[in-house]
Amino acid sequence: MPRLIIEHIVVNQGKVDYEDANRSTPINTTLAPLNFELKGFSTLPKDRGDYLISAAFSDNGGSLKWKGELGVNPIASEGVVSIEGVKIAEVLQLVKGLALPIKLSSGDLQTSFNYNFALPKTLPTLALNNLTLSLRDVAGELAEGGRLTLSHAMLSAPQLSFVKSKQPTLIVKNLGFKLTDLSLSQHDAMQVTLKESSANLPQLDFAMQDKPQMSFEDLNVKFADFKVKKGSQFTIALPKADVNAVSLNLADNIVSIKEVVLTNTHVIEGAVVEGAVVKADEKSVKPLATLKQITMADGTIALAEQKVSVQSLLFAGLETAVVRNADQSLNWLKVFEAKDRGAQPEVAVIALETPAKDVSKDESSAWEIELKKVALEDATIHIQDDSAPTPMKMDIEKASLEIQNASLDMAKPLPIKAAFKVKQGGKFSTKGQLWPAPFKAELGLRLSNLSLKPFAPYVNQFALLKLNSGATDVSGKLRLKQQEDFSLDFNGKFDVKKLALVEEADNVPFLSWDHLASNQLKVSLKPNKLHMATLKVVKPSGKFIINEDKSTNINRILRSSSKADIEPVTESADEDVAHMPVKSGNSLIQSNQGPGEPAIKP
């Protein structure tokens, strides 16, 4: 190599003008002032010189500082690079033919790192230490409509090394990422906001063999205050989400996720988003639904086999309300109703533009999904019907549901069990199997001591009566099946206990019994049939009065609207109307009334 020695060279207040006219819109930029200093440089073996480069991007903003040592025999360099305040939008314009999904209008970039580069025997090695890359105040228009804004994002890597040998390798240690105030909006249709996110990865390994190989373990990702707003219809709010212990082995085509935890998820009806703040309107003071925690444990994605396996998916602490409004509408249905019913949904447009794929022709492309356990625990559901004159209210507590071995094979039976308690009185449990398609279910169920008092408004809606007490037990085997028609078959027993109906005006007893029960109850739909081997009534008491005008007390207690709805059944009734034949083998009435005292009083 020719010998070259530079003791000291300095360039002060230099200027570089750059112009690219080889494009539809010519680009001009200036680098000024440009300062350069080199001391003690030579081409002698293993000799290095000190250098300092500083420059300002006058048109694009920002500055460059580059300081270190440089040698050329062999080629090697070590130093520190710092770039600050670069306007990203202006810099991207310099890159010809760059197609991005976003057109940036603002944003600053800054980065700094220590580096050590060497080129022994034409095999480069590069080590970066304390690397940081930061973006601030980014904004731009999306190519497909909408706008993106980002307050701050930062990537950090304390150690990064690259070696090109027989197998080029890249190793990154302690990789970190942080993001603040991300907003993505698509006109008035959808708005997604994320207050904060962070990720940490202990080590990332990348190697280039016959095909790229990449692996990492224990990637942890956190999200805070994530919201999705759909027009003025609803807002989904996720205060906290953690994705823990993610691993990837590209050589084996395996991705594993130890745990995903979503905390305090909310669905708010008719909410208004101002920045990152959700304000419910007057009709929605409380969230429509809240999930205290969603946990996915031990998930594995086998890329080569196209198989996803999850050990458990748990939904805990659901709190929601199902409300039937006075206009007969349901609160949950309003969430999914289109704001503009005359507008065509986006899905329909996509379906026209993208022909549906015939899965049967390419079964190898189908993914296999297996969920070992899907469960809902500790759910609370408030049920309210405001369509009745007096609202009906019932509260389900400690509700649980568990489904095992769920998959995309709809013909495969799923073991299922469920249970809940009713705050007003009663509990329910069921266990059995369910076939999703065609739908079929075989369940054993038990309903114990369910209070009938919450249903009192329905009685009072049609009659001048009050339901003071009553409870019911039901147990047996239930079979459901969907073919051309839906069929049902129940075989079990029931007991309606301690029923007491009184007249609304003066609380005079109207009808009561201790038990109305059957130990052999069979009910079916398709064919429609009801059969009881024995119907047992214990301590019945009631009154039936025929007035002088041949009217009865039954007519007197019915509300006028109910009377108008009652029509006599005639032989000319439509024969297509489905009938429910009722058959009772024996009827047993037990009364503890005194001698000569009738159970049914005239």
Side-chain angles (χ1 to χ4, degrees), residues 322-328 330 382-396 422-428 447-474 493-518 521 523 530 532 535-569 580 582 584 587-594 597-602:
V322 179
V323 180
R324 186 185 187 189
N325 300 306
D327 60 0
Q328 309 290 325
L330 288 176
H382 174 73
I383 300 173
Q384 183 168 323
D385 187 353
D386 291 335
S387 65
T390 301
M392 188 282 290
K393 297 180 181 180
M394 186 168 67
D395 296 285
I396 293 176
V422 179
K423 182 179 181 180
Q424 290 78 6
K427 60 182 181 179
F428 171 83
L447 179 65
S448 303
N449 207 34
L450 175 66
S451 174
L452 299 178
K453 288 197 69 176
F455 305 97
Y458 296 131
V459 177
N460 191 252
Q461 184 176 5
F462 296 100
L464 300 171
L465 296 173
K466 292 192 295 184
L467 178 61
N468 278 354
S469 64
T472 186
D473 296 337
V474 179
K493 58 184 180 179
F494 80 96
D495 186 4
V496 181
K497 308 176 294 185
K498 301 295 182 182
L499 181 77
L501 286 169
V502 300
E503 296 188 21
E504 184 180 65
D506 47 16
N507 290 324
V508 173
F510 178 78
L511 178 65
S512 66
W513 61 67
D514 275 6
H515 295 275
L516 175 66
S518 175
L521 171 66
V523 180
L530 187 151
M532 289 177 284
L535 179 63
K536 182 179 179 181
V537 187
V538 179
K539 293 183 66 175
S541 177
K543 65 180 182 179
F544 180 73
I545 301 173
I546 302 176
N547 301 309
E548 293 181 359
D549 59 358
K550 297 184 180 181
S551 64
T552 67
N553 61 330
I554 303 296
N555 296 93
R556 183 172 58 83
I557 65 169
L558 290 177
R559 298 188 184 275
S560 57
S561 59
S562 301
K563 295 176 185 178
D565 293 337
I566 298 177
E567 298 179 359
V569 178
M580 175 69 77
V582 179
S584 177
S587 297
L588 177 62
I589 300 177
Q590 296 180 353
S591 175
N592 295 333
Q593 305 292 333
E597 182 179 356
I600 306 298
K601 300 178 181 179

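- Using a 4.0 Å cut-off between charged side-chain N and carboxylate O, D514 and K498 make a salt bridge.
- Scanning both residues, F494 and V474, for their nearest heavy atoms gives CB-CG2, 4.2 Å.
- Of the possible polar contacts, one joining the D506 side chain to the V508 backbone as a donor-acceptor pair under 3.5 Å is found.
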For this session: Decide side-chain contact (heavy atoms from CB on, under 4.5 Å) for D386 and D327; before the verdict, give the C-alpha distance in whole Å, the side-chain angles of both, and the deciding distance to 0.1 Å.
Result: CA-CA 8 Å; D386 291 335; D327 60 0; over 6 Å; no

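- Residues I554 and F510 form a side-chain contact, since some pair of their non-hydrogen atoms from C-beta on lies under 4.5 Å apart.
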Problem set entry | Verdict with supporting geometry, L521 and K493, side-chain contact (heavy atoms from CB on, under 4.5 Å) | CA-CA 5 Å; L521 171 66; K493 58 184 180 179; 5.6 Å; no

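- Within the 3.5 Å criterion, the main-chain N or O of L464 finds no donor-acceptor partner in the side chain of E503.
- Side-chain atoms of D473 come within 3.5 Å of backbone N or O of N449 as a donor-acceptor pair.
- K539 NZ to H515 NE2: the interatomic distance, rounded to the nearest 0.5 Å, is 9.5 Å.
- Here the closest heavy-atom approach between residue P457 and residue P391 is recorded as CG-O, 3.7 Å.
- With hydrogens and angles disregarded, a donor-acceptor distance shorter than 3.5 Å links the side chain of N460 to the backbone of L465.
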Exercise. Could you walk me through whether D385 and F455 pass the side-chain contact (heavy atoms from CB on, under 4.5 Å) check?
Worked result: CA-CA 10 Å; D385 187 353; F455 305 97; over 6 Å; no

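- For the residue pair K393 and Q424, the shortest heavy atom distance occurs at O-NE2, 3.9 Å.
- Between P509 and K543, the shortest heavy-atom distance links the atoms O-CE, 3.9 Å.
- Between Q461 and P389 the shortest heavy-atom distance is CG-CD, 3.7 Å.
- By the 4.5 Å heavy-atom criterion applied to side chains, L499 and L516 are not counted as neighbours.
- For the atom pair M392 CE and Q384 CD, the distance stands at 8.5 Å (nearest 0.5 Å).
- Rounded to the nearest 0.5 angstrom, K427 NZ and S448 OG are separated by 6.0 Å.
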For this session: Show your working on side-chain contact (heavy atoms from CB on, under 4.5 Å) between V459 and L452 and close with a plain yes or no.
Result: CA-CA 10 Å; V459 177; L452 299 178; over 6 Å; no

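- Annotation: the span from L330 atom CG to N325 atom CG amounts to 7.5 Å, rounded to 0.5 Å.
- I396 and I383 make their closest contact through CD1-CD1, 3.7 Å (heavy atoms, listed as atom of the first residue, atom of the second, distance).
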